[in-house]
2 protein chains.
Amino acid sequence: MTPQRQLVIDAVRDLGHATPEQICAQVQSAAPAVNITTVYRTLDLLERLGMVRHTHLGHGAPTYSEQEHQHVHLVCHNCGTVMEAPTDLMDGLAERLRRESGFELDVTHVALSGRCADCPDETQIDPEETR
Amino acid sequence: MTPQRQLVIDAVRDLGHATPEQICAQVQSAAPAVNITTVYRTLDLLERLGMVRHTHLGHGAPTYSEQEHQHVHLVCHNCGTVMEAPTDLMDGLAERLRRESGFELDVTHVALSGRCADCPDETQIDPEETR
DNA sequence: TTACCTGCAAAAGTTTTGCGCCTCA
DNA sequence: TGAGGCGCAAAACTTTTGCAGGTAA
C-alpha cells in the first residue's frame, strides 16, 4: 500500500462517484506530482481487489465509487444531475428478471436515465444531452 | 436524403444495435469510400430527427438502433451477450420513480447489467468484463 | 450563386503501454 | 539482487472539427 494508492482510495471515498480525471484532480490537490497513469492503474488494481467498483453513468465516462457505496444512480439527461436511490427500488424488477429470464441483475452497475423533477417537461428529449 | 445516409439507415436497421464503427463497416461493405466521419455526422443528424436513438450498453461504446426498436437491453458482463426484454418490465419501477422522486424514466436509454442464465454463477464478477 | 453534403486531414480527448528509475525487502 | 511501483513519454483509439471541393436547386 503506497501513499499514492491511499490517496486514490481517499479520493474515491470523498468524491462518492467520480471519473478517473476528477479523482486525479483530487489526488493532485494533495500530491501534485501524482500522474494520471497511476490513477488509472490504481483504480484498475482496486477494482480487481474488490475495493472499488465502477458505474456507467451514460455519457461515456465511467465513475468509480466505494464497493460499499451501493445505490441506484438516476441520471437526468437534461441537466446531468446524478441522483441516488435505494437499491431496493429494483427488487421487484430483479426478481422478475431472475424468474422470467434467469438474468441476475447487478443493480448498481448502470445508471438509469431520464428526466429529473427539476427539468421542464419536453416532448422530445434533446439527444445532445444524453451522450 | 443522400445515398450515404440511406446506407447508414439501412445499416442501423439491419444490425439492430451497433456501434458507430460497426455501422461504418457495414456501410463500407456496400460503399467502401464512405468515411467514418460521415457515419458519425449522419447518426447525429438522424438522432436529431428522431429516426434513430442510441443506448449505452455499459462498456463505453454507444450503440444505435431504430427509434421504433424499443426494448430494455440486458447485458451480461460475463459473456457480453445483449438480450432484449419488453419495456413493460420497467413499468412498475417507472411508476414508483415518478411518484417518489418525480423522475421520469427513459427505459430504453440504458442497458441493465448483470449475469445471463448461461453464465456460471461466480461469487465475484470479474471487473474486467464489465468495462 | 447559395446552401448543403462529403471526404480528407488534423485536432482533441481519453485510456493504455513501454521504459527506465527508484525504493524496499 | 529482485520484485514491484512510479512518472514520463508515446501510442492507440474514439470522436470532433476545419477546410476545400462537389453537387443540385
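Below, each value reflects all heavy atoms present in this structure, side chains not excepted, and no hydrogens, waters or symmetry copies. Note on naming: letters A, B, ... go to the chains in the order of the sequence lines (proteins, then strands), and numbering restarts at 1 for each one.
Nucleotide D/dG5 holds its C1' atom 14 Å from the CG atom of A/L49, rounded to whole Å. Rounded to an integer number of Å, the gap from A/H56 NE2 to C/dT14 C1' is 14 Å. Across the protein-nucleic acid pair, A/D44 atom CG and C/dT15 atom P stand 12 Å apart, rounded to whole Å. The CG atom of A/N35 sits 17 Å away from the P atom of C/dC21 (whole-angstrom rounding). The interatomic distance linking B/L43 (CG) with D/dT16 (P) rounds to 10 Å, in whole Å. Rounding to whole angstrom units, CD1 of residue A/I36 and P of D/dA10 are separated by 17 Å. Here D/dG4 presents its P atom at 17 Å from CD of A/Q4, a figure rounded to the nearest Å. Nucleotide C/dC5 holds its P atom 7 Å from the CG atom of B/L45, rounded to whole Å.
Between A/H56 and B/H56, the distance from one ring center to the other does not fall under 6.0 angstrom.
Residues satisfying the side-chain contact (heavy atoms from CB on, under 4.5 Å) test with B/D88, not counting sequence neighbours, are A/R96, B/P86, B/D91. Residues forming a ring-ring contact (aromatic ring centres under 6.0 Å, His included) with B/H17 (at least two apart in sequence, or on another chain): B/H73. In this structure A/T38 satisfies the side chain to side chain donor-acceptor pair (under 3.5 Å) test with no other residue, sequence neighbours excluded. Applying the side chain to side chain donor-acceptor pair (under 3.5 Å) rule to B/Q6 yields the partners B/D10; only residues at least two apart in sequence or on another chain are considered. Listed by chain and residue number, A/L97, A/F103, B/M83 satisfy the side-chain contact (heavy atoms from CB on, under 4.5 Å) test with A/S101 (two or more places apart in sequence, or in another chain). Residues that satisfy the side-chain contact (heavy atoms from CB on, under 4.5 Å) test with B/V52, not counting sequence neighbours, are B/V12, B/L46, B/E47, B/Y64. Annotation: side-chain contact (heavy atoms from CB on, under 4.5 Å) contacts of A/R5 (sequence neighbours excluded): A/M1, A/T2, A/T42, A/L45.
Residues of residues 6-22 of chain A having a heavy atom closer than 4.0 Å to DNA chain D: none are found. Using a 4.0 Å cut-off on heavy atoms, the residues of residues 25-34 of chain B that approach DNA chain C are B/A33, B/V34, listed by number.
Among residues at least two apart or in separate chains, salt bridge (Lys or Arg N to Asp or Glu O under 4.0 Å) pairs with a member in residues 58-83 of chain B are B/R13-B/E66. Among residues at least two apart or in separate chains, there is no side chain to side chain donor-acceptor pair (under 3.5 Å) pair with a member in residues 23-32 of chain A.
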Please write out the pairs of protein N or O atoms and N or O atoms of nucleotides 17-22 of chain D separated by less than 3.5 Å, giving the distance to one decimal.
none

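For B/T2, whose side chain is taken as the heavy atoms from C-beta onward, the closest listed nucleotide among D/dC6, C/dC5, C/dT15 is C/dC5.
A/V110 and B/L57 end up in different hydrophobic clusters when Ile, Leu, Val, Met, Phe, Trp and Tyr side chains are linked at under 4.5 Å.
Residue B/T38 has a polar side-chain atom (N or O) positioned under 4.0 Å from OP1 or OP2 of C/dG7.
Here A/P3 lies out of heavy-atom contact (under 4.0 Å) with every strand.
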